[in-house]
Amino acid sequence: MHVEGDLDLDQTLYTEEQIVTRLKEMETQIQTDYEGKYLLLVGVLKGAVMVMADLARSLDRHVEMDWMAVSSYGSGTQSSGVVRILKDLDTDLNDRHVLIVEDIIDTGLTLSWLITNLRSRGPASVEIATLLRKPEAQRMDVEVKYVGFDIPNAFVVGYGLDYNERYRNLRCIGTLSPHVYS
């Protein structure tokens, strides 16, 4: 399927098939690790929508899902690590096994805050699953249990990731051509 935004990509890093294959591999490990436990998937809006949907559908078990929206703000494009909750969970986390589902982890500042916040609510466990991680960009040491792909410190779009709210619906993940943002 061709989407108009495909023409704006400089390079495709991962195709839809590669993404789905990797998510199924992650799902196998999650199934094993949470055998016999009730699992609550917590998606971080908006970027994690595609990852959360595909991961949840691939699990061969009952899972509950809830969503959070958080905003990290600072000067310009740099996060200060100051976070505010735009949409909180509807679910009580007490004694629950929580798996935070992310699209991408770069600096880790917002995620570090989110983990601390969720752990303060009395869950049995809190772990993280992310489709993408940028090890070179990390400023906070955040332990991520399930990682789809480690990527270079480049700006990527597609599969939930956006640039000015565009490109989220691309079925692949790629880097934008410079003509888009210059």
Side-chain angles (χ1 to χ4, degrees), residues 1-34 39 41-61 63 65 67-70 72 77-79 98-112 114-115 126-182:
M1 177 181 155
H2 172 73
V3 176
E4 180 185 338
D6 288 348
L7 302 175
D8 293 338
L9 293 183
D10 189 40
Q11 176 185 12
T12 298
L13 297 177
Y14 301 102
T15 64
E16 179 179 16
E17 293 75 24
Q18 289 172 307
I19 295 166
V20 169
T21 298
R22 184 64 187 119
L23 284 174
K24 286 185 181 180
E25 293 168 355
M26 291 168 64
E27 170 268 328
T28 300
Q29 188 62 51
I30 291 167
Q31 292 275 81
T32 301
D33 292 349
Y34 289 95
L39 181 59
L41 300 179
V42 173
V44 182
L45 294 169
K46 297 178 188 172
V49 169
M50 307 299 184
V51 179
M52 178 92 145
D54 285 351
L55 185 61
R57 285 188 298 212
S58 70
L59 289 168
D60 187 24
R61 58 174 301 148
V63 293
M65 294 187 283
W67 298 92
M68 281 191 88
V70 294
S72 178
T77 58
Q78 297 300 311
S79 170
V98 176
L99 181 60
I100 300 169
V101 179
E102 277 277 23
D103 53 348
I104 189 166
I105 298 171
D106 45 39
T107 65
L109 291 169
T110 301
L111 188 57
S112 176
L114 183 60
I115 293 165
V126 177
E127 298 291 349
I128 303 159
T130 186
L131 181 60
L132 304 173
R133 177 176 61 181
K134 294 181 182 179
E136 294 170 22
Q138 277 194 271
R139 293 172 41 199
M140 293 292 291
D141 189 25
V142 177
E143 188 177 325
V144 183
K145 190 160 188 175
Y146 311 99
V147 177
F149 304 101
D150 279 331
I151 64 169
N153 192 11
F155 190 79
V156 294
V157 295
Y159 206 75
L161 297 151
D162 75 301
Y163 173 70
N164 287 339
E165 293 301 323
R166 295 184 62 209
Y167 309 104
R168 286 190 197 277
N169 63 319
L170 293 179
R171 294 175 180 263
C172 64
I173 294 172
T175 55
L176 275 179
S177 297
H179 79 268
V180 175
Y181 52 85
S182 57

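- Contact of the Arg22 side chain with the Glu25 side chain is registered, since non-hydrogen atoms from C-beta on lie closer than 4.5 Å.
- Among residues two or more places apart in sequence or in another chain, the side-chain contact (heavy atoms from CB on, under 4.5 Å) test is passed with Ala154 by Thr175.
- For residues 149-160, the set of pairs meeting the salt bridge (charged side-chain N to carboxylate O under 4.0 Å, His left out) definition, not counting sequence neighbours, comprises Arg133-Asp150.
- In this structure, CG on Asp54 lies 8.5 Å from CE on Met50, to the nearest 0.5 angstrom.
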Step by step, would you call Leu39 with Ile30 a side chain to side chain contact (heavy atoms under 4.5 Å, CB included)?
-> CA-CA 10 Å; Leu39 181 59; Ile30 291 167; 3.9 Å; yes
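- Between Met26 and Leu23 there is a side-chain heavy-atom pair separated by less than 4.5 Å.
- Side-chain contact between Ile128 and Glu143: absent, with no pair of heavy atoms (C-beta onward) separated by less than 4.5 Å.
- Note: Trp67 CH2 to Leu41 CG = 9.0 Å, rounded to the nearest 0.5 Å.
- For Asp106, the salt bridge (Lys or Arg N to Asp or Glu O under 4.0 Å) criterion is met by no residue, not counting sequence neighbours.
- Partners of Glu165 under the side-chain contact (heavy atoms from CB on, under 4.5 Å) rule, at least two apart in sequence or in another chain, are Lys46, Asp162, Arg168.
- At distances below 3.5 Å, not a single donor-acceptor pair connects side-chain atoms of Arg171 with backbone N or O atoms of Glu16.
- Between Gln31 and Leu59, the shortest heavy-atom distance links the atoms OE1-CD2, 3.6 Å.
- With sequence neighbours left out, Asn153 forms a side-chain contact (heavy atoms from CB on, under 4.5 Å) with Lys134, Glu136, Ala137.
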Just list the side-chain donor-acceptor pairs under 3.5 Å for residues 98-105, sequence neighbours left out, or say none.
none

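- Val42 places none of its side-chain heavy atoms less than 4.5 Å from the side chain of Leu114.
- Applying the salt bridge (Lys or Arg N to Asp or Glu O under 4.0 Å) test to Arg61 and every residue at least two apart in sequence or in another chain returns nothing.
- Formation of a donor-acceptor pair under 3.5 Å by the Ser177 side chain with backbone atoms of Asp8 is found in this model.
- Side-chain contact between Leu132 and Leu161 is present, with heavy atoms from C-beta onward closer than 4.5 Å.
- In terms of the ring pair (Phe, Tyr, Trp, His ring centres under 6.0 Å) criterion, residue partners of Tyr14 (sequence neighbours excluded) are, by chain and number, Phe149.
- Listed by chain and number, the residues in a side-chain contact (heavy atoms from CB on, under 4.5 Å) with Tyr163 are Phe155, Val157, Tyr167, Leu176, Val180, Tyr181 (sequence neighbours excluded).
- Panel note: side chain Ser58, backbone Leu55; a donor-acceptor pair is recorded below 3.5 Å.
- Taken from CD1 in Ile19 to SG in Cys172, the straight-line distance is 7.0 Å, to the nearest 0.5 Å.
- A salt bridge does not link Lys24 with Glu27: none of the charged nitrogens is closer than 4.0 Å to a carboxylate oxygen.
- Applying the salt bridge (Lys or Arg N to Asp or Glu O under 4.0 Å) criterion to Lys145, with sequence neighbours excluded, gives Asp33.
- Looking at Ile173 and Ile151, their side chains never come closer than 4.5 Å, going by heavy atoms from C-beta outward.
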